[in-house]
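Shown next, in structure tokens, is the structure this report addresses.
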Amino acid sequence: MPTIDGERLSIISSNVTLKSPISVKARTMPRSFPLTKIRNIGIIAHIDAGKTTVTERILYYTGRTYKIGEVDTGTAVMDWMEQERERGITITAAATTCYWQDHRINIIDTPGHVDFTAEVERSLRVLDGGVVVFDGVAGVEAQSETVWRQANRYLVPRICFINKMDRVGANFQRTLSMIEQRLKAKPLPVQLPLGVSESYQGIIDLVENKAWYFDGEPDSEPQEVAIPESERAICAELHQALIEKLAENDDRILEAYLEGSKITPPELRQALRRVTLANKGVPILCGSALRNKGLQPLLDAIVSYLPSPLNMPPVRATDTRLGTEVTRPADDEVPFSALAFKVVSDPFVGRLVYLRVYSGIMKAGGQVFNATRGKKERIGRLLLMHANRREEVDEADTGTIAATLGLKNTVTGDTLCDVSQPVLLESIRFPEPVLSISIEPKTRADQDKMGEALQKLTEEDPTFKVVYNEETGQTVISGMGELHLEVIVNRLISEFGVGAKVGRPRVAYKETITVPAQVEGKFVRQTGGHGQYGHVWLELEPMKRGSGFQFVNHIKGTAIPKQYIPAVELGIKEAIETGVLAGYPIVDIKATLYDGSYHEVDSSELAFKMAGSMALRKAVMKAKPSLLEPIMKLEVATPEQFLGDIIGDLNAKRGHIENIEAQGEMYIIHCFIPLAETFGYATRLRSLTQGRATHSLEFHQYKKLPAELTEEITEQAVGKRHG
């Protein structure tokens, strides 16, 4: 990880003059913005923590908007989709660009609802830093843990903003403890709240040892005030604690601390930056976005502590010609490389592909190579996005997040690169859908429209899957939860004008095996003239949960000619998709082809494909198959008086209660529960608690379904086939 010295940028405080930018020799014109002054950040958090409100204030204070948008009134700039404004939640990650203290900040406001976790996943993959927003009353919530784990996986440096400090029950210290205990992070509080709940007025800056008062008016400047007498002792103590924590993780501060030297605020800021960039600590700030308190210091912290593209390690890639690993440093002079992280069907301009440029320069009208698909593409118009509004540019240089028109074959996770030096960047991993519904067009005219609309929606959302069931003649769509599918159906009707009838939600079960099995698959047909002959011996073995499918070719000699092996694998894969027990996909198995025979005249690829498919089905039935069901992680926050009723209800729903923790006057129940038992749970919880409890659900893992339920679901599936 480069240090602050290597960055060629001196950020002593947010209002200090910055050093001159790096010159780039190879360019005919200077960079649109120096790399050292770019911040690519995401605003991430649990639903209702106030992410979009924070983003709206940032846009206002940076001069990007002239009127503050509000989530509650449906005027938030970043929540531009009709469904977002109706529900008051963020559904799709929206990108925007703004400017603060001579820095360009590219922001992605991500959803907090677990059903849209893929939006967070793909945003974190391309961002350099994150602002994690916490509700000062609720503290660390279920989805906060999920996004924190995602940020850990991509090694994203982050700062935290504890929001809603003006609300009754807000507790800064408790949230700090939860960040430390539940997220296993090292919080570095750089601010303290000035007052609590209704008396919350502003912040105490522990770096500068100053207090700032905010009157709540959007256009008022923060006023420096004296630190209250009652707070001075604790501030001095926490200032010293901050220095000691930094000394544990930063050699320069440690040296000064051991020598007894006075450590100045600029030195503290530089140390905080180094520790944050190395992911050894997380600066903690606080405020109230809705009341316009603490936002300017948050912007200062984004500039001061979060990385520029130059601070991040060079992105790793695979040279597709040699198969070797190469790196692409953040530099305009090296070959172009970018990752497509989002596809949107814009009703006004068409198919937009969002890109993060890691190296080199992309020009409007230029040719690039899609290394994932092995195809050349022509860049159309290049756009800097502001939610759903656009600003056209001629080129996108290193560190830019832009959108482009004209890419026909590029989808989420694809690498675009220089035609002469093709490389493949690491793609983005997405979770599998856990819930399905059937959907049918109302009229013949709707049928064509529906096919086209579903195609566009699957391009946009990698966690949304569409399968046509030939046996029932139904189209089955799958997603991450009830809200996810509800939004998809609403978009089909309102955005794409499709008339559709929707079935009831169904759990996306999986099939697997429990013991190994060896079987023979033989496909022989004699139809006059040439016949069909395919013969294989297959061994099937169970693998650990989450392994997927593995095919191994152990044919020795010429028992089966090489050209027929791929056909056997294809037959097995097709059989896996439709399942054996109840029509669900088969997972976590290893299929080894170890013997067989062929006929010189009658053997064909089709015959071996059929033989592979038959062998797989026979092997599964012999290998004691079972169904797997999705298990959800459930958190319920409830007043004590309803605790017993909720626990009784969860036990009746096959819930496994992990633990219960007290949080002020509320109790938080942590529980694992089968997805099948959660349909309509929000309504059930409201009736049990007079609407006073809240809950959040997220996917946890697939687990073996009890035998009696396996039989029931299998019988239903068989009945539907024969019915």
Side-chain angles (χ1 to χ4, degrees), residues 47 81-92 111 113-119 344-345 347 430-510 577-579 582-585 629-630 632 674-686 695 697-699 712-713 716-717 719-721 723:
I47 191 167
M81 284 174 66
E82 185 185 329
Q83 286 81 8
E84 293 178 312
R85 292 188 166 175
E86 282 174 8
R87 290 175 169 81
I89 62 168
T90 301
I91 290 169
T92 180
H113 197 286
V114 68
D115 283 14
F116 308 104
T117 187
E119 290 286 340
V344 176
S345 298
F430 294 107
E432 283 294 308
V434 294
L435 198 67
S436 303
I437 54 172
S438 60
I439 185 164
E440 297 174 40
K442 283 184 176 175
T443 65
R444 189 174 288 277
D446 286 323
Q447 193 161 359
D448 294 336
K449 276 202 288 187
M450 188 169 93
E452 196 178 309
L454 289 174
Q455 168 77 25
K456 286 181 179 175
L457 290 168
T458 50
E459 281 185 2
E460 284 188 23
D461 187 347
T463 59
F464 174 61
K465 299 277 191 290
V466 180
V467 176
Y468 180 71
N469 189 322
E470 291 187 6
E471 288 184 9
T472 61
Q474 285 182 318
T475 299
V476 177
I477 60 174
S478 305
M480 298 307 296
E482 287 184 272
L483 180 62
H484 187 197
L485 291 176
E486 188 186 319
V487 167
I488 293 280
V489 171
N490 281 356
R491 288 189 66 192
L492 272 175
I493 295 164
S494 62
E495 202 174 305
F496 295 97
V498 176
K501 291 184 281 189
V502 180
R504 293 184 61 182
R506 295 186 310 168
V507 176
Y509 294 103
K510 307 276 190 200
E577 286 301 312
T578 53
Y584 295 105
E629 66 174 339
M632 309 300 283
L675 175 64
E677 304 287 349
T678 65
F679 296 150
Y681 187 68
T683 308
R684 175 75 179 146
L685 190 63
R686 271 199 301 272
H695 79 293
L697 269 173
E698 65 173 296
F699 173 70
E712 187 184 315
I713 290 164
Q716 285 174 2
K720 279 180 186 170
R721 284 180 197 164

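Sequential numbering from 1 along the given sequence is applied to the chain's residues. No hydrogens, no waters, no symmetry mates; every other heavy atom, side chains included, goes into these values.
Taking Arg686 as the reference, nothing meets the salt bridge (Lys or Arg N to Asp or Glu O under 4.0 Å) condition, with sequence neighbours excluded.
Counting all heavy atoms, side chain and backbone alike, Ser436 lies closest to Ala508 at OG-CB, 4.1 Å. Of all heavy-atom pairs between Phe699 and Met632, the closest is N-CE, 3.5 Å. Across all their heavy atoms, Pro674 and Glu629 have their closest contact at CB-OE1, 3.4 Å. Nearest approach of Tyr584 to Val507, heavy atoms of both residues: CE2-O, 3.8 Å.
A donor-acceptor distance shorter than 3.5 angstrom exists from the side chain of Asp446 to the backbone of Gly499, with no hydrogens or angles considered. At least one donor-acceptor pair under 3.5 Å links the side chain of Lys449 to the backbone N or O of Gly497.
Put simply, the side chain of Ile477 does not reach to within 4.5 Å of the side chain of Val467, judged on heavy atoms.
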Assess whether side chain to side chain contact (heavy atoms under 4.5 Å, CB included) is satisfied between Ile437 and Val476, documenting all intermediate values.
CA-CA 6 Å; Ile437 54 172; Val476 177; over 6 Å; no
Kindly determine whether Thr475 and Glu440 satisfy side chain to side chain contact (heavy atoms under 4.5 Å, CB included), including the steps that lead there.
CA-CA 7 Å; Thr475 299; Glu440 297 174 40; over 6 Å; no
Go through Ile439 and Met450 one step at a time and tell me if the side chain to side chain contact (heavy atoms under 4.5 Å, CB included) criterion holds.
CA-CA 10 Å; Ile439 185 164; Met450 188 169 93; 4.1 Å; yes
Run the side chain to side chain contact (heavy atoms under 4.5 Å, CB included) test on Leu435 and Leu485 for me, step by step, so that the C-alpha distance in whole Å, both residues' side-chain angles and the decisive distance to 0.1 Å come before the verdict.
CA-CA 8 Å; Leu435 198 67; Leu485 291 176; 4.2 Å; yes
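Rounded to the nearest 0.5 angstrom, Asp461 CG and Ile488 CD1 are separated by 5.5 Å. The CD atom of Glu495 lies 9.0 Å from the NZ atom of Lys456; values are rounded to the nearest 0.5 Å. For the atom pair CG (Leu454) and CD (Glu459), the distance works out to 11.5 Å, reported to the nearest 0.5 Å. Within the model, atoms CZ of Arg491 and CZ of Phe464 stand 10.0 Å from one another, a figure rounded to the nearest 0.5 Å.
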